[in-house]
Amino acid sequence: VRGAQRTLAAVVLTASLVVGLVTTDRAVRAQHAANATVAGAQRVNGRLALLGRREAFIDFVSGIVPPHAAIRIVQPPAKHPVATSAGSGPGAAGVCGHSVDSAVYWLVVYELSPRPSVCDLAGAWTVYFGVQVPDQAGAHRYSTTLGVLAP
Amino acid sequence: VTVLAVVLLIGAGHGVLRIAVGDLPHRLLGVVPTAGLSVLCGAVAIAEVTTLAGVLGLPTRLWPIVAPAVLVLCVAGLLPTLGYRHLLPARAGRWLGIDRAAVGRPTAGPQSARRTSARTADLPVFVLVTALGAVLLTGGRHWAVRSIDEWAIWATRGRGLSLAGHLDPRIFDGVAANYQHLDYPLLVPSLIAWSDGVQGRADDPAAHVLLILQLLAMLGVLGWTLTSLVGPVVGVVGVLLAAGTPDLLARWGTLLAADATLVAFAVALLGLLALWLQTERPGLLPVAAILGGGTATTKVEGLLFTLCLFVAAGVAVGRAAGQYRRLIAAGVVALLADAPWLLWTARHHLHSDQINSTTLAPDHLRGVLRFAGIATAQTIHFWPGHGWAFTATAVLAAAAALAIGTGRRPVLFLAMSAAFCTLGLWAQYVISAGAGVDFATGAIGLRGHFASSAPRVLMVPAILVMLLLPLSAGLILRGPSRRQRLREMARTER
């Protein structure tokens with residue numbers, strides 16, 4: 001009986017070695033493919049151009065807003081905000097991640113780190129991302145829908 | 001500069017490891033486990049120092065607190081052996097299972113020969129993990145942050161620690177905007193901040209390297225524990241199965257997020273506890289306590305996994321009272337590692353959106369029981385193993401090993417760990433389901449929750465189940481140990 005048990009165990013161990021080899025090879029290839037995709041992707045100032053043509057706007061904001069100043073991000077309200085949107089928090093729709101395209105909101109928050117995102121206008125630089133930039137004193141316009149307003 | 005960040009992290013980990021085992025770790029454990037455990041312990045040390053500094057209102061930037069602490073730990077690891085034994089109080093050593101008298105004792109004779117043989121047996125795992133490391137780290141200079149969890153949670157908090165330089169209440173308290181999962185602990189953000197600090201600027205590829213190293217360290221530690229428990233073939237098979245876990249290396253392993261790091265700490269903790277249960281080797285339990293601390297401070301689920309693994313070890317340890325005491329002490333130390341952060345979040349009213357006083361209320365629990373079936377089906381659907389045939393074979397192999405009685409403790413421990421972790425996660429999903437909504441709406445919400453998180457968080461129990469296969473098969477193949485054979489002979493003679 002012990003001989004049969006050991007033979008079966010050897011077969012199972014060999015089979016799991018094969019499974020391990022195949023799956024690890026697959027994982028390594030997938031990782032290389034992912035690396036190649038990222039390596040070949042378009043970049044702006046070292047960052048992946050995930051915001052498309054608007055990626056350079058991040059550098060424009062970074063050049064104006066001091067590194068530790070608070071930012072109030074204003075975006076067009078999304079028709080179908082996804083679950084990770086900061087929808088239940090403070091702020092009006094379209095402001096500080098409330099009911100917006102949350103992926104874009106968090107990407108902008110990250111790329112402008114460590115400037116904290118806030119909902120309150122007081123003392124914060126307002127970043128207009130995809131909405132009309134007001135024509136008033138203190139406004140730095142990158143385009144008609146991309147700009148920064150000083151506090 | 002990335003190399004410097006890594007070397008200092010390993011140096012600090014080596015210092016922590018040396019304090020934990022009460023001896024030069026490579027002498028007690030071998031080179032491969034010392035390297036792997038130093039990486040993991042270094043990460044825990046940096047996370048603990050950064051978290052403590054943050055919650056005490058001190059700077060979280062590199063130089064004021066974190067770097068001096070890391071340098072002190074590096075020096076502690078390099079101190080001469082003589083006199084070092086007196087650093088640890090004898091009473092604490094006894095409780096944690098550290099043989100203080102053995103510290104600095106010259107190794108010679110059969111014990112030394114056994115250790116040399118064990119180190120030779122570690123070679124296949126070393127070669128495999130080094131090869132995997134070389135492959136995984138190739139192309140690392142192109143890595144970039146590219147997913148919403150990185151932007152919304154992990155990398156943003158890391159940059160908060162390194163660039164804001166303190167726990168800015170607008171980022172970590174969410175007082176001015178709704179930041180995500182503010183209750184998540186700071187191990188991964190601390191590593192990102194460490195990397196930034198050494199680089200002198202925010203550097204995504206360098207931070208990626210530190211996180212990938214945690215995975216490689218885990219594979220080394222896992223391979224070493226399986227090699228020590230059964231043999232090098234099982235060590236290699238275990239490393240391959242864990243590395244081949246769907247999406248672990250290719251997806252989660254290349255993100256500045258905590259899922260792969262959680263796998264690294266939980267699986268390494270499992271290996272350490274399994275080896276301690278089988279060998280009762282001095283020094284292993286204190287290291288397990290540190291890895292438990294790492295697991296608990298990586299992610300909220302880590303606290304659950306730490307608890308499950310220590311409880312499973314308690315089940316497997318049987319009736320040995322002294323071992324119980326040491327196990328409980330190590331478990332408490334592991335959970336205490338998360339205490340500063342838990343106290344800080346409680347003080348700032350930052351509660352988990354899944355497990356909190358509302359979702360644990362009896363009325364809510366009664367209301368969500370109707371989702372138990374959906375949670376079970378979704379757990380099965382998203383299980384990230386190597387297929388159900390493999391999982392079924394692993395369970396059968398474990399049952400066979402337990403029935404035969406060979407290596408009962410580690411197999412029982414692994415099986416219990418997998419069961420407890422799976423049950424714990426299942427319960428977390430059920431508890432966090434919507435109670436006050438109609439069934440259809442609640443079911444949609446629960447399915448969405450599973451789809452967004454289950455492939456990541458179920459990796460830990462899935463790996464535990466798949467490791468049952470090589471461990472059980474290897475133990476059956478090896479046959480009963482010498483101690484078991486002697487016990488059997490004595491029983492026959494009686």
Side-chain angles (χ1 to χ4, degrees), chain A residues 2 5-6 8-13 15-17 19-36 38-39 41 43 46-48 50 67-68 70 72 83-84 86-91 96-98 102-103 105-111 113-114 116-120 124, chain B residues 132 135-136 138-140 142-146 148 150-152 155-156 159-160 162-165 168 170-171 174 176-180 202 233-234 236-241 243-251 253-254 386 390 393 397 400 404 448 452 466 469-470 472-477 479:
Chain A
R2 187 161 285 174
Q5 285 169 354
R6 295 184 67 176
L8 196 58
V11 169
V12 166
L13 194 58
S16 51
L17 175 66
V19 170
L21 280 170
V22 170
T23 53
T24 302
D25 177 60
R26 197 181 293 159
V28 167
R29 281 173 197 274
Q31 201 249 14
H32 265 220
N35 281 352
V38 175
R43 289 178 187 246
R47 302 186 308 273
L48 289 181
L50 295 166
H68 299 287
R72 178 174 170 268
T84 46
S88 58
C96 64
H98 190 176
S102 59
Y105 168 72
W106 289 117
L107 179 55
V108 173
V109 169
Y110 170 69
E111 293 194 337
S113 290
S117 169
V118 299
C119 299
D120 194 0
Chain B
L132 273 174
V135 172
L136 292 181
T138 305
H142 299 299
W143 284 332
V145 166
R146 62 183 195 281
I148 191 164
E150 296 172 284
W151 309 326
T156 295
R159 295 285 129 80
S162 67
L163 301 177
D168 187 332
R170 294 168 299 184
I171 298 173
N178 193 17
Y179 276 83
Q180 300 286 300
V233 174
V234 171
V236 167
V237 173
V239 169
L240 287 170
L241 288 175
T245 305
D247 290 336
L248 175 63
L249 297 182
R251 190 170 176 195
T254 59
H386 295 315
F390 189 93
T393 313
I404 293 165
S452 65
M466 67 177 79
L469 187 47
S472 307
L475 285 168
I476 293 170
L477 200 56

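Every chain is numbered from 1 and lettered A, B, ... according to where its sequence line falls, protein lines coming before strand lines.
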Task: B:Ile476 CD1 to A:Leu8 CG distance, which is reported to the nearest 0.5 Å - done: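 So the gap between those two atoms works out to 8.0 Å.
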Open item on the list: Using 0.5 Å steps for rounding, measure from the SG atom of A:Cys119 to the CG atom of B:Asn178.
Closed with: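 So the SG of A:Cys119 and the CG of B:Asn178 are separated by 8.0 Å.
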[X], part contacting chain A, at a heavy-atom distance under 4.5 Å:
X	result
B:Val233	side chain
B:Leu475	neither
B:Leu248	neither

Open item on the list: Looking at B:Ala243, is its backbone amide N or carbonyl O close enough to the side chain of A:Thr24 to form a donor-acceptor pair, meaning the two atoms are under 3.5 Å apart?
Closed with: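 No, the answer is negative, given that no donor and acceptor are paired below the 3.5 Å cut-off.
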- [ ] With sequence neighbours left out, write down each residue that passes side-chain contact (heavy atoms from CB on, under 4.5 Å) with B:His142, or none if nothing qualifies.
- [x]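 Partners of B:His142 under the side-chain contact (heavy atoms from CB on, under 4.5 Å) test: A:Ala39, A:Arg43.
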For the candidates [options], which exhibits the highest count of non-hydrogen atom pairs separated by less than 4.5 Å from chain A?
options	value
B:Gly160, B:Pro470, B:Ala155, B:Ser452	B:Ala155
B:Ala400, B:Ser472, B:Ala164, B:Gly448	B:Ala164
B:Leu132, B:Leu136, B:Thr393	B:Leu136
B:Val236, B:Thr138, B:Val239, B:Leu241	B:Leu241
B:Val135, B:Leu249, B:Ile171	B:Val135

Check: [Y] and [X] side chains under 4.5 Å, non-hydrogen atoms:
X	Y	value
A:Thr23	B:Phe390	no
A:Tyr110	B:Glu150	no
B:Ile148	A:Ser102	yes

How close do [X] and [Y] get, heavy atom to heavy atom, and via which atoms?
X	Y	answer
A:Ser117	B:Tyr179	N-OH, 2.9 Å
B:Arg159	A:Pro114	O-CB, 4.1 Å
A:His68	B:Arg170	O-NH2, 3.8 Å
B:Ala473	A:Val12	CB-CG1, 4.2 Å

Task: chain B contact via A:Ala10 - which portion, at a heavy-atom distance below 4.5 Å - done: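 Both backbone and side chain of A:Ala10 come within 4.5 Å of chain B.
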Task: Top contributor to chain B interface from A:Ala15, A:Ala124, A:Gly46, A:Ala27 [non-hydrogen pairs under 4.5 Å] - done: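 Option with the top pair count is A:Ala27.
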Task: Option in A:Leu50, A:Val22, A:Leu107, A:Val28 with maximal non-hydrogen atom pairs under 4.5 Å from chain B - done: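 Answer, by heavy-atom pair count under 4.5 Å with chain B: A:Leu107.
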